[in-house]
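Only a predicted model underlies this, so the values are computations on that prediction, with no experimental measurement involved. Below, chain A is the first sequence line, B the second, and so on; all start at residue 1.
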Amino acid sequence: MSYFSDIYKGIKTLLTGMSVTGKYFITSKKGAITQQYPDNRDTLKMFDRFRGEVIMPHNEENEHRCTGCQKCEIACPNGTIEIIWDRGIDEETGKKKKKIDQFVYHLSMCTMCGLCIDVCPTDAIEWGQNFENSVYDRTALTRVLNKPDSKLMKGVED
Amino acid sequence: MILLSITENIHNWLFSVMPAGVASIVEMVLIAIVYLTVFAVAGLFLVLLERRVAAWFQLRIGPNRVGFQGLLQTMADAIKLLTKELTGTDRADKFLYNLAPYFVIISALMALAVIPFSKDFHAFDINIGLFFLIAISSIGVIGILLGGWSSNNKFAIIGAMRSGVQTISYELSVGLSLLTMVVITGTLQLSEIIEIQKSGWLIVQGHIPAIIAFMVFMISGTAETNRAPFDMVEAESELGAGFHTEYSGMKFAYFFLAEFINMFIIAAIAATVFFGGWLSPFGITESIPELGVFWFLIKTMVLVFLMMWFRWTFPRLRVDQLLTLEWKYLLPINLVNIVLMAVLVWLNLTIRW
């Protein structure tokens, strides 16, 4: 007698499946996940975990958190990051101290592996959500992440 | 009535300006052109509908750029396909290779001819209409077999053979489920089948066995048109594109359009036989016969949507599961159902008003 119960079960499971997709169909108008990209360019916001490019946030006084320890440069498998550093005199102690001159980031070589961000002891660099990375000339992909005349934020090294 | 008077006027005018023989040939050509136009427009519309409906089922938006809500998308696709190169394989059987798409599309067109769109919009009302439909709808598979065989490609031949197995099996169920309804109507002529439904649609008249027959018809009709979940003929993940792997350009478009027209035909047969064709529900617009086309298309589109719902819900069957479903389930159920229906008609248990 499993013949008839098979038929019953078959019809029941098919109807269950159809009700699931039917619900999706009805709610598709407001729940559509498609982004109509060039149209919603002004309002489009990428999700937090999106890996667009490496950025170095600066605060209002043009200060960053990079101490120039070069751990990211060592961690990077492709040689994407180049830190050009210098020794300057620290105002507080008067001693010579290592500080970054230019944090050079080659986006064209970056594979977005995130090792540099994981390894950074001071959280100086993080992921940016920009995804419009195409340019006409590849020299535009070599970026200096620290802004001109920026300096180290106080208290980062403590 | 307006439609009828237009066709009558054209008929009278043609016969007044030229001899009877020539006039009837011209008339036939005109009707053929009208049906070809219906065919093309319906095919293109259904392709667009399928894409939009599929998108909505998957929480996407679908094509909405070309024209209002993407209405011209399929038109643009067809024009693109027209401009494409017609490729072919080495050592393919060129004659059969070129013939196959026309087999598929002509059989679809012939089936379209006997479908009553409304009381007056009915090109070919023969007394064996339903039988003709069953016969014609299974000729299309010859085109698929030829296309798969002649294109000298392993994927294509496997797809074509699967199609043969599938169509031969499911034809039985299509025919028997329609015969169940013929037991009530006592006629195969489609216009008379609709006349009988003026006292209740057949799915109401025949209640339990009619509902079973309808379910069997929709399942086997989906299999006849080679649509998912029975799309082993062109199972993309297994066979490339199945029997039309080697086709390109307009010949591919013929196969593609024919598939959608076949879906329309199956839905139209179901609407005609089970849901009263162009009759309005409860005769609410009986005084306005022009609305017949509207009601017919509404019913057909609802059934087409049902088939699309099947397609975007169910996973593809294996070949053995397909044959088990047909020979162990649908066919015995169908045979019992015919007997049940015959008893019902014999004891006068059908519901009429």
Side-chain angles (χ1 to χ4, degrees), chain A residues 1-53 107 111-114 127-137 140, chain B residues 49-66 69-70 173 208 211-216 218-220 222-223 228-230 301-318 321-322 324-337:
Chain A
M1 285 309 287
S2 72
Y3 184 81
F4 293 104
S5 63
D6 279 354
I7 294 173
Y8 171 74
K9 270 184 211 151
I11 292 172
K12 200 180 133 195
T13 48
L14 288 182
L15 288 180
T16 312
M18 283 179 75
S19 75
V20 170
T21 48
K23 270 176 210 150
Y24 274 108
F25 182 79
I26 291 163
T27 55
S28 66
K29 283 284 156 49
K30 48 181 186 256
I33 53 170
T34 310
Q35 301 286 339
Q36 305 203 47
Y37 163 54
D39 291 352
N40 67 354
R41 194 173 171 179
D42 299 330
T43 56
L44 181 64
K45 199 173 174 318
M46 291 306 279
F47 44 98
D48 294 339
R49 288 168 60 195
F50 181 72
R51 297 177 169 194
E53 58 179 347
L107 179 58
T111 60
M112 315 291 165
C113 67
W127 286 118
Q129 264 83 44
N130 175 34
F131 55 90
E132 289 171 324
N133 283 327
S134 41
V135 287
Y136 286 103
D137 186 1
Chain B
L49 191 73
E50 166 91 47
R51 290 181 64 184
R52 288 311 296 266
V53 168
W56 289 330
F57 271 121
Q58 297 171 347
L59 294 184
R60 293 185 285 116
I61 293 171
N64 66 346
R65 295 281 146 169
V66 191
Q69 288 293 308
S173 286
I208 296 164
I211 289 168
I212 296 173
F214 173 66
M215 285 165 77
V216 171
M218 284 316 281
I219 293 170
S220 47
T222 315
F230 304 103
M301 280 306 137
V302 168
L303 292 171
V304 164
F305 174 73
L306 188 67
M307 289 171 84
M308 288 179 179
W309 196 349
F310 287 162
R311 172 163 185 172
W312 298 105
T313 304
F314 302 139
R316 189 182 300 136
L317 273 75
R318 249 177 9 231
Q321 290 169 335
L322 178 94
T324 308
L325 176 66
E326 164 62 18
W327 294 100
K328 287 191 185 164
Y329 291 93
L330 292 187
L331 188 63
I333 289 172
N334 228 329
L335 291 171
V336 172
N337 199 28

Requested in this report: Can you run down the salt bridge (Lys or Arg N to Asp or Glu O under 4.0 Å) pairs that involve residues 42-52 of chain A, sequence neighbours left out, and say none if there aren't any?
Outcome: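 Passing the test, one end in residues 42-52 of chain A: no pairs.
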Report task. Counting only heavy atoms closer than 4.5 Å, note whether B/Pro332 contacts chain A via side chain, backbone, both or neither. Result ->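 For B/Pro332, the contact with chain A is made by the side chain alone.
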Query raised in the report: Measuring heavy-atom distances to chain A, does B/Tyr329 have an atom under 4.5 Å in its side chain, in its backbone, in both, or in neither?
Result: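 Both backbone and side chain.
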Result block: side-chain N/O donor-acceptor pairs under 3.5 angstrom for residues 53-65 of chain B, not counting sequence neighbours:
| residue | atom | partner | partner atom | Å |
| --- | --- | --- | --- | --- |
| B/Gln58 | OE1 | B/Arg60 | NE | 3.0 |
| B/Gln58 | OE1 | B/Arg60 | NH2 | 2.7 |
| B/Asn64 | ND2 | A/Gln36 | OE1 | 3.4 |
| B/Arg65 | NH1 | A/Asp39 | OD2 | 3.2 |
| B/Arg65 | NH2 | A/Gln36 | OE1 | 2.4 |
| B/Arg65 | NH2 | A/Asp39 | OD2 | 3.2 |

Requested in this report: Flag the pair B/Trp312 / A/Tyr24 as yes when at least one side-chain heavy-atom distance between them is below 4.5 Å, and no otherwise.
Outcome: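 Contact flag for B/Trp312/A/Tyr24 side chains = no.
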Report task. Using a cut-off of under 4.5 Å on heavy-atom pairs, state which of B/Trp309, B/Phe314, B/Phe310 scores highest against chain A. Result ->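 Maximum pair count with chain A is reached by B/Trp309.
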Would you say [atom1] of [X] has more than 12 non-hydrogen atoms from neighbouring residues, nucleotides or ligands within 6.0 angstrom?
{"X": "A/Phe4", "atom1": "CZ", "value": "no"}
{"X": "B/Ile208", "atom1": "CD1", "value": "no"}
{"X": "B/Met215", "atom1": "CE", "value": "no"}

Query raised in the report: Partners of A/Asn130 by side chain to side chain contact (heavy atoms under 4.5 Å, CB included), sequence neighbours excluded?
Result: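 Residues passing side chain to side chain contact (heavy atoms under 4.5 Å, CB included) with A/Asn130: A/Glu53, A/Glu132, A/Asn133.
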Query raised in the report: Is the side chain of A/Tyr3 donor-acceptor paired with the backbone N or O of B/Lys328 at a distance under 3.5 Å, no angle test?
Result: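 Between the backbone of B/Lys328 and the side chain of A/Tyr3 there is a qualifying donor-acceptor contact (under 3.5 Å).
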Requested in this report: Write out, in numerical order, the residues from residues 13-23 of chain A with a heavy atom short of 4.5 Å from a heavy atom in chain B.
Outcome: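 Against chain B, the residues of residues 13-23 of chain A that fall inside the cut-off (heavy atoms, under 4.5 Å) are A/Leu14, A/Gly17, A/Met18, A/Thr21, A/Gly22.
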